[in-house]
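Atoms within each ligand, like the ligands themselves, are counted from 1 in listed order. None of these values were measured; they are calculated from a predicted model. Reckoned from all heavy atoms, side chains included, excluding hydrogens, waters and symmetry mates.
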Amino acid sequence: MVINDIKITRSIIEEYYAFTRDFLDCDVVIVGGGPAGMTAAYYTAQQGLRTVVLESRLSPGGGMWGGGMFFNQIVFQPEAGEILQELGISYTANREGYLVVPSYRAVASLILAADRAGARILNGITAEDIMVRENRVCGVVINWTAAVKLGMHVDPLCIGGKVVIDATGHDAGIVRTYLDKSGGSLPEDEEERIRTSSMWAAKGEEMVVEYTRFITEGLIACGMSVSSLFNTPRMGPIFGGMLFSGRKAAELALDYIRKVK
Ligand code: 48H
Ligand code: FE2
C-alpha cells in the first residue's frame with residue numbers, strides 16, 4: 001500500500017474519539033494507573049462495569065517501575081499468588097518464601113489484564129478536580145497533563161462516573177480535593193486513627209486493605225492513598241496490599257452500583 005500521512009492522522013483521531021466517546025459517562029472512573037488502580041480496573045471491567053483509568057503520566061504503572069530503590073524486582077507475599085494468577089502475572093517463589101516478579105513484567109501484565117478485561121486507559125491526562133451533585137461524587141474534571149504542567153490557561157473537560165476511585169498513590173489528590181472543597185473530614189474518629197506512618201510492612205499491608213473504603217457517597221480510596229489519608233504504617237517495596245486494596249475497591253464499587261441502579 002502507499003502510505004498516506006493524512007490517513008494515518010485521521011486513523012489516530014477517529015480511533016481516539018471512538019475509543020473515548022462511549023466512556024464519558026461510565027460506571028467507574030479510576031484516577032491513577034498504579035498497581036492499586038489497575039487491579040481495581042481489572043476487577044470492575046471483568047464484572048462488566050464500564051471502567052476508565054486516568055493516568056497523568058504517559059506510562060501507567062506508578063511506583064511499580066522502580067521496584068525497591070531502583071532494583072527492578074517486585075516482591076509479593078505468597079497470599080497474593082491467587083491475584084497474580086488471575087491477572088496473568090507469572091512469578092518466581094524464592095527461598096525467602098516471597099513471590100518475585102521483574103517490575104516491567106508486573107506493569108506490562110497488569111496493563112494487559114485491565115485492557116483485556118475491557119477497561120479504557122487514558123494516559124497523559126490528569127484529574128484536577130471532582131464533580132459533586134447532591135452530596136455525591138459523580139465524576140472528575142480532566143485536562144492534559146502537559147497543559148497542567150505548563151500552566152497553560154486551557155479550560156478542562158470532564159468524565160462522569162457512578163463511582164470515582166482515588167488510586168493516586170501518596171498524593172491522595174482526589175480525596176484531598178474533596179475534603180478541601182466540602183470542608184469534610186475522614187469517616188473515622190480521632191481515636192481510631194493510627195498516628196504513625198513509619199515503615200512496618202506487616203501492619204501497613206493489613207491496614208491498607210482494612211481502610212480501603214468509601215470516603216463519601218460515590219468516592220472510594222484505595223492503595224497508597226489510603227495509607228496516606230489514614231496515616232497507617234507504610235509498607236515499603238511489597239505490593240500485595242496494593243492488589244488486595246484494588247480488588248476490595250472494585251468489590252465496593254460493584255456493590256454500590258448494584259444498589260444505586
Ligand atoms: C491522574 C494521577 C493523578 C491525577 C496521581 O503511586 P502509585 O503506584 O499508587 P498505588 O497506590 O497504586 O501504589 C502505591 C505504590 O506504588 C507505593 O508507592 C508503595 C507500595 N509505597 C510504599 C511506601 O512505603 O512508600 O500510582 C499512582 C498513579 C501514578 O501513576 C500517578 O501518576 C497517578 O496515579 N496519578 N493520575 N490524575 N490527579 N495523581
Ligand atoms: Fe511508595
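You'll find the side chain of Met38 reaches within 4.5 Å of the side chain of Ile121, heavy atoms only. Residues Val208 and Met224 have side chains not in contact (no heavy-atom distance under 4.5 Å, counting atoms from C-beta outward).
With sequence neighbours excluded, the residues satisfying salt bridge (charged side-chain N to carboxylate O under 4.0 Å, His left out) with Arg136 are Glu217. Annotation: side chain to side chain donor-acceptor pair (under 3.5 Å) contacts of Glu82 (sequence neighbours excluded): Arg247.
Note on the Fe ion (ligand 2): protein N/O/S atoms under 2.8 Å are His170 NE2.
For Tyr98, the OH atom sits in a loose shell: 12 or fewer heavy atoms of surrounding residues, nucleotides or ligands are nearer than 6.0 Å. Within 6.0 Å of CH2 in Trp200 there are 12 or fewer heavy atoms belonging to other residues, nucleotides or ligands.
Side-chain atoms of Thr216 and Tyr178 include a donor-acceptor pair closer than 3.5 Å. With hydrogens and angles left out, the side-chain atoms of Thr168 and Ser225 include no donor and acceptor closer than 3.5 Å.
Closer than 4.0 angstrom to ligand 1 lie heavy atoms from Val31, Gly32, Gly33, Gly34, Pro35, Ala36, Leu54, Glu55, Ser56, Arg57, Gly62, Gly63, Ile125, Thr126, Ala127, Ala167, Thr168, Gly169, His170, Gly223, Met224, Arg234, Met235, Gly236, Phe239, Met242.
In this structure, the side chain of Arg213 does not engage the main chain of Val226 through any donor-acceptor pair within 3.5 Å.
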